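Sending over a structure as structure tokens; questions will come in a sec.
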Amino acid sequence: MTEPQSAIPDVILTESAAARVATIAAKQGKPAILRLSVDGGGCSGFQYKFGLADGVEGDDIVAERAGVKLVVDSISLDLVRGCSVDFVETLGGTAFRVDNPQAASGCGCGSSFAI
């Protein structure tokens with residue numbers, strides 16, 4: 001008898017992203033909850049939007065790492081399911097980066113994508 005294949009998580013928050021959210025939230029005196037949503041627009045059709053949230057909504061999917069939560073609403077989840085959110089530091093600056101397996105293309109700035 002074979003073991004059932006483990007389910008792929010809906011969203012993943014990396015250690016570096018969790019650490020950055022915790023730092024920002026502490027400085028602003030807010031809960032360590034990062035909201036990822038998707039809006040229409042940007043140079044490729046959809047764009048990622050990040051912000052600190054005050055709490056988890058009823059239809060949110062939650063990923064947690066080191067006490068930090070990443071929340072995504074059910075409508076945005078359809079466009080980012082299976083993604084990971086990372087925090088990267090490069091010579092060009094620092095940013096949250098979404099690795100979205102559903103994106104067929106993206107733009108140079110990394111903040112918008114097409115399905």
Side-chain angles (χ1 to χ4, degrees):
M1 189 159 149
T2 60
E3 292 289 318
Q5 188 175 12
S6 62
I8 296 172
D10 287 322
V11 290
I12 298 168
L13 182 67
T14 68
E15 286 183 36
S16 61
R20 183 63 176 172
V21 171
T23 299
I24 293 169
K27 285 181 182 178
Q28 294 186 9
K30 291 191 159 209
I33 304 171
L34 178 66
R35 178 167 297 284
L36 167 62
S37 58
V38 176
D39 287 340
C43 30
S44 295
F46 295 102
Q47 59 188 355
Y48 302 113
K49 184 176 171 187
F50 290 101
L52 289 180
D54 292 323
V56 177
E57 301 295 325
D59 71 337
D60 286 340
I61 297 299
V62 180
E64 190 165 352
R65 183 176 301 266
V68 175
K69 293 180 177 153
L70 170 66
V71 295
V72 181
D73 64 88
S74 61
I75 294 170
S76 296
L77 182 62
D78 288 340
L79 299 168
V80 298
R81 189 179 306 275
C83 79
S84 65
V85 175
D86 197 9
F87 181 76
V88 295
E89 297 182 57
T90 65
L91 291 175
T94 61
F96 287 102
R97 182 182 68 198
V98 178
D99 179 16
N100 186 349
Q102 293 192 61
S105 64
C107 66
C109 66
S111 64
S112 68
F113 67 101
I115 298 284

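Computed from a prediction, not measured in an experiment: that's the story for all the values here. Reckoned from all heavy atoms, side chains included, excluding hydrogens, waters and symmetry mates.
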Can you find a pair of side-chain heavy atoms, one from D39 and one from Y48, that are under 4.5 Å apart?
-> no
For the residue pair P31 and A25, what are the closest heavy atoms and their distance?
-> O-CB, 3.6 Å
Is the shortest heavy-atom distance from the side chain of D10 to the side chain of C83 under 4.5 Å?
-> no
Listed partners of T94 passing side-chain contact (heavy atoms from CB on, under 4.5 Å), at least two apart | F87, E89
When rounded to the nearest 0.5 angstrom, what is the spacing between CD1 in I12 and OG in S84?
-> 6.0 Å
Pairs where residues 14-25 contributes a residue and the test side chain to side chain donor-acceptor pair (under 3.5 Å) is met, not counting sequence neighbours = T14-S16, T14-D86, S16-D86
Is any side-chain heavy atom of L79 less than 4.5 Å from a side-chain heavy atom of F46?
-> yes
Can you hop from I24 to L36 via hydrophobic side chains spaced under 4.5 Å?
-> yes
Distance-only donor-acceptor pairs under 3.5 Å for side chains of residues 65-73, two or more places apart:
| unit_1 | atom_1 | unit_2 | atom_2 | d |
| --- | --- | --- | --- | --- |
| R65 | NE | L13 | O | 2.5 |
| R65 | NH2 | L13 | O | 3.4 |
| D73 | OD1 | I75 | N | 3.1 |
| D73 | OD1 | S76 | N | 2.8 |
| D73 | OD1 | S76 | OG | 3.3 |
| D73 | OD2 | S76 | OG | 2.9 |

Go through the steps to decide whether V85 and F50 satisfy the test side-chain contact (heavy atoms from CB on, under 4.5 Å), and finish with yes or no.
-> CA-CA 10 Å; V85 175; F50 290 101; 3.8 Å; yes
Salt bridge (charged side-chain N to carboxylate O under 4.0 Å, His left out): which pairs involve residues 26-37, sequence neighbours left out?
-> K30-D54, R35-D60
For residues L52 and V21, determine if any side-chain heavy atom of one lies less than 4.5 Å from a side-chain heavy atom of the other.
-> yes
Nearest non-hydrogen partners of V80 and V11, listed with the distance = O-CG1, 4.3 Å
